[in-house]
Amino acid sequence: MSRTVSSWILSSVRSSIILQGKGRWYSIRIPNRIKIKWKLVFSKTCPYPAGSRSLDRTFSFPKAFRHTSTEEEHFSFQLSPAQINDILRAGELSHRTLGLNGKSASSVLRFESNQLASNSPIEDRRSAATCLQTAGMMFGVFDGHAGAACAQAVSERLLHYIAVSLMPRQSLEEIELAVEAMKPVRPILQWHRHPNDVEYREIASQYFENLRVYWQHLLDLDAEPGFSLEEAMICAFKRLDSDISLEVQAPQENELMRNIALQVAFSGATACVAHIDGVHLHVANTGDCRAVLGVREEDGTWSTLPLTRDHNAYDEFEIRRLKREHPRSEEKTLFVNDRLLGILMPSRAFGDVQLKWSKELQHSILENSCDVEALNIYQYVPPNYHTPPYLTAEPEVTYHKLRSKDKFLVIASDGLWEMLSNEKVVKLVAGHLTELNMQKSPLTFKKPINLGYMHNLLLQRKSKGLASLDQNIATHLIRHAIGSNEYGEVDPEKLAAMLTLPEDLARMYRDDITVTVVYFNSETIEEYYRSH
């Protein structure tokens, strides 16, 4: 990015007209990135008492590198390559599955993940876990709006709800007996977390009790629950969203827990979760996160297989669904300016009770709460709000039977997909795989060998910059998402400028980005088909 472009970014925001209303920010100036989304975005002040653990512990890039305001006199977009790497790699997470012999018997070979904040603090969350009492692994990406509270709660709880939905009656009975006898409970999941990933420790006991109520409900069924995986995922999504709604309505003496419940319910989150068991891949999606499969064809070319649809005003299926669920008189007001009721971009989400509850219930809950303004919660009823709920957390579930040519799965929040197409993401991952293999493989020589041939070979490898290649593919994707020029190449000056944008400007040019890439074990998949 040239100095001219950097100066334009700075001057554009200083000359833009900003309107503030009740904790929500709107900008009349919209940059060239047409896909920018202004969801319910609130300013965030910390509602937690001193000494408690707040959401602000989630990592963002170091303050030393980032400006806090466009009004600073000494404003610079310059970062060294080392500083850029420190920022981009701060949230890296990777895990390789290994069996007793050092090789993976799982169809998941490894996964790599990363996050980059635009909001401060970041509103995205991610989860990854191995199922311990059922088979498979799960991966989730959660895109929060109106704060991080709902995404935080869903990232901690949803995988447990799915796992419990899949457990046989005997396992549920054993857990219930252990809890009744106050004995240790066998863990349901083995989490794979980044050291900076936070938890709602203050409210963990309540979350566990509500999960227990759910498995007790499953035990009360006359017969074995017997959910298919698709049914289990749908039931888990809907049950968790129901619990989020009920928890804020229940009497609560603990002020901290009441405040958290309020923030979770009145913020929102979209979610995309993949469950992988052998060759069986299920993806449940609510909202506008996305899952895409990278496929290597027999001729060596790469193709893209989308496994989700974006639930928003651009999707004809969603428009027809909402029209079926509401009176004909509301057809023209369901989507205004490509937003649900003129407010929200995604048409499915957790939380967001402002678009699910009646006006009377909203008023009752907020009237009986403490200082909701300090929590950045307020009662706002959009025009033409007649027949709630307008929003659902029910997911669409896609099943795909893995083949040996299916090489990887990319799950990401819309911050990535606003910048890169499905095809570009698959191309970048495929190219990264090729370059990593070149980096690891020894030099191969054609015979006869001469000094000129060896010199040219070394120059070719040096020109590709393999020594500085991002080892984590999620970092590689984020680098290209925010730093690519019109030719698809990373421009170091543009990258530095995008990383140093002040907090009051960054969200106008990029969203929070969360990426998880799951690599499949082709040998294990091939073995499955040989044995079956």
Side-chain angles (χ1 to χ4, degrees), residues 19 21-27 30 34-44 118-119 123-125 141-151 153-154 237 241 244-245 248 262-272 285-290 308-323 325-326 330-359 361-362 376-396 413-415 417-418 507-508 511-512:
L19 303 178
K22 283 282 192 175
R24 189 179 305 164
W25 292 89
Y26 301 90
S27 174
I30 300 295
I34 299 173
K35 297 180 183 177
I36 191 168
K37 288 184 9 177
W38 287 95
K39 298 185 248 190
L40 288 173
V41 181
F42 298 83
S43 59
K44 292 167 282 296
S118 171
N119 295 291
E123 295 179 347
D124 280 7
R125 294 293 186 272
V141 169
F142 312 95
D143 184 353
H145 47 264
C150 189
V154 174
F237 271 63
D241 193 54
I244 287 171
S245 177
V248 72
L262 277 165
Q263 287 198 306
V264 170
F266 280 85
S267 59
T270 63
C272 185
N285 183 57
T286 287
D288 52 10
C289 294
R290 197 180 296 176
T308 57
R309 288 189 304 113
D310 295 350
H311 298 138
N312 55 33
Y314 304 109
D315 185 80
E316 289 296 326
F317 291 99
E318 283 298 279
I319 293 173
R320 289 199 293 268
R321 176 183 67 81
L322 279 156
K323 286 182 177 180
E325 295 175 358
H326 297 276
E330 295 187 59
E331 284 188 359
K332 293 184 178 180
T333 59
L334 286 172
F335 288 98
V336 179
N337 296 326
D338 296 326
R339 287 161 174 76
L340 184 63
L341 298 184
I343 294 178
L344 197 62
M345 280 289 285
S347 56
R348 304 193 192 195
F350 285 89
D352 288 322
V353 294
Q354 304 96 319
L355 300 179
K356 296 174 181 176
W357 288 354
S358 67
K359 300 176 186 178
L361 180 56
Q362 292 185 49
N376 289 303
I377 296 172
Y378 65 97
Q379 185 174 9
Y380 172 76
V381 179
N384 304 302
Y385 191 82
H386 304 301
T387 56
Y390 291 91
L391 196 64
T392 179
E394 181 172 347
E396 276 191 312
S413 60
D414 67 330
W417 308 112
E418 287 173 354
R507 185 61 183 83
M508 294 180 65
D511 198 355
D512 296 333

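Note: hydrogens, waters and symmetry copies are ignored here, and every other heavy atom, side chains too, is used.
- Contact of the Asn285 side chain with the Pro395 side chain is not registered, since no non-hydrogen atoms from C-beta on lie closer than 4.5 Å.
- Here the NE2 atom belonging to His386 is positioned 6.5 Å from the NZ atom belonging to Lys359, to the nearest 0.5 angstrom.
- Nearest approach of Asp241 to Gly351, heavy atoms of both residues: OD1-N, 2.9 Å.
- Scanning all heavy atoms of the two residues, the minimum distance from Lys356 to Ala349 falls at NZ-O, 2.9 Å.
- When all heavy atoms of Asp512 and Ser118 are compared, the pair lying nearest together is OD1-N, 2.6 Å.
- Scored by the side chain to side chain donor-acceptor pair (under 3.5 Å) test, Ser245 finds Gln249, Trp357 as partners (sequence neighbours excluded).
- Considering only heavy atoms from C-beta on, Arg507 comes within 4.5 Å of Asn119 through its side chain.
- Side-chain atoms of Arg290 do not come within 3.5 Å of backbone N or O of Asp310 as any donor-acceptor pair.
- Side-chain contact check for Val353 versus Gln362: every heavy-atom pair is 4.5 Å or farther apart.
- Considering all non-hydrogen atoms of both residues, Ala146 and Ser267 come closest at O-CB, 3.4 Å.
- For the atom pair SG (Cys289) and CH2 (Trp417), the distance works out to 10.0 Å, reported to the nearest 0.5 Å.
- Between Leu322 and Phe335, the closest side-chain pair of non-hydrogen atoms falls below 4.5 Å.
- The closest side-chain heavy-atom distance from Arg125 to Val154 is not below 4.5 Å.
- From Leu340, atom CG reaches atom CG of Asp338 across 11.5 Å, with rounding to the nearest 0.5 Å.
- At least one side-chain heavy atom of Asp143 sits under 4.5 Å from a side-chain heavy atom of Asp511.
- The nearest pair of heavy atoms linking Asn384 to Glu330 is O-OE1, 3.8 Å.
- Between atom OG1 of residue Thr286 and atom CD of residue Glu394 there is a gap of 8.0 Å, rounded to the nearest 0.5 Å.
- With values rounded to the nearest 0.5 angstrom, Asp352 atom CG is found 5.5 Å from Leu391 atom CG.
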Stepwise side-chain contact (heavy atoms from CB on, under 4.5 Å) check, Ile343 with Gln354: CA-CA 11 Å; Ile343 294 178; Gln354 304 96 319; over 6 Å; no

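- Between His311 and Glu396 there is a side-chain heavy-atom pair separated by less than 4.5 Å.
- Every residue two or more places apart in sequence or in another chain that forms a ring pair (Phe, Tyr, Trp, His ring centres under 6.0 Å) with Phe350 is listed here: Phe237.
- Rounded to the nearest 0.5 angstrom, Phe142 CZ and Glu123 CD are separated by 15.5 Å.
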Trace of the side-chain contact (heavy atoms from CB on, under 4.5 Å) decision for Arg309 with Tyr314: CA-CA 10 Å; Arg309 288 189 304 113; Tyr314 304 109; over 6 Å; no

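- Closest heavy-atom contact between Val248 and Ala265: CG1-CB, 3.9 Å.
- A donor-acceptor pair is defined here as one N or O able to donate and one able to accept, closer than 3.5 Å; such a pair exists between the side chain of His326 and the backbone of Thr387.
- Using a 4.5 Å heavy-atom threshold, the side chains of Glu325 and Thr392 count as separate.
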Residues Gln263, Ile377; criterion side-chain contact (heavy atoms from CB on, under 4.5 Å); working and verdict: CA-CA 7 Å; Gln263 287 198 306; Ile377 296 172; 4.2 Å; yes

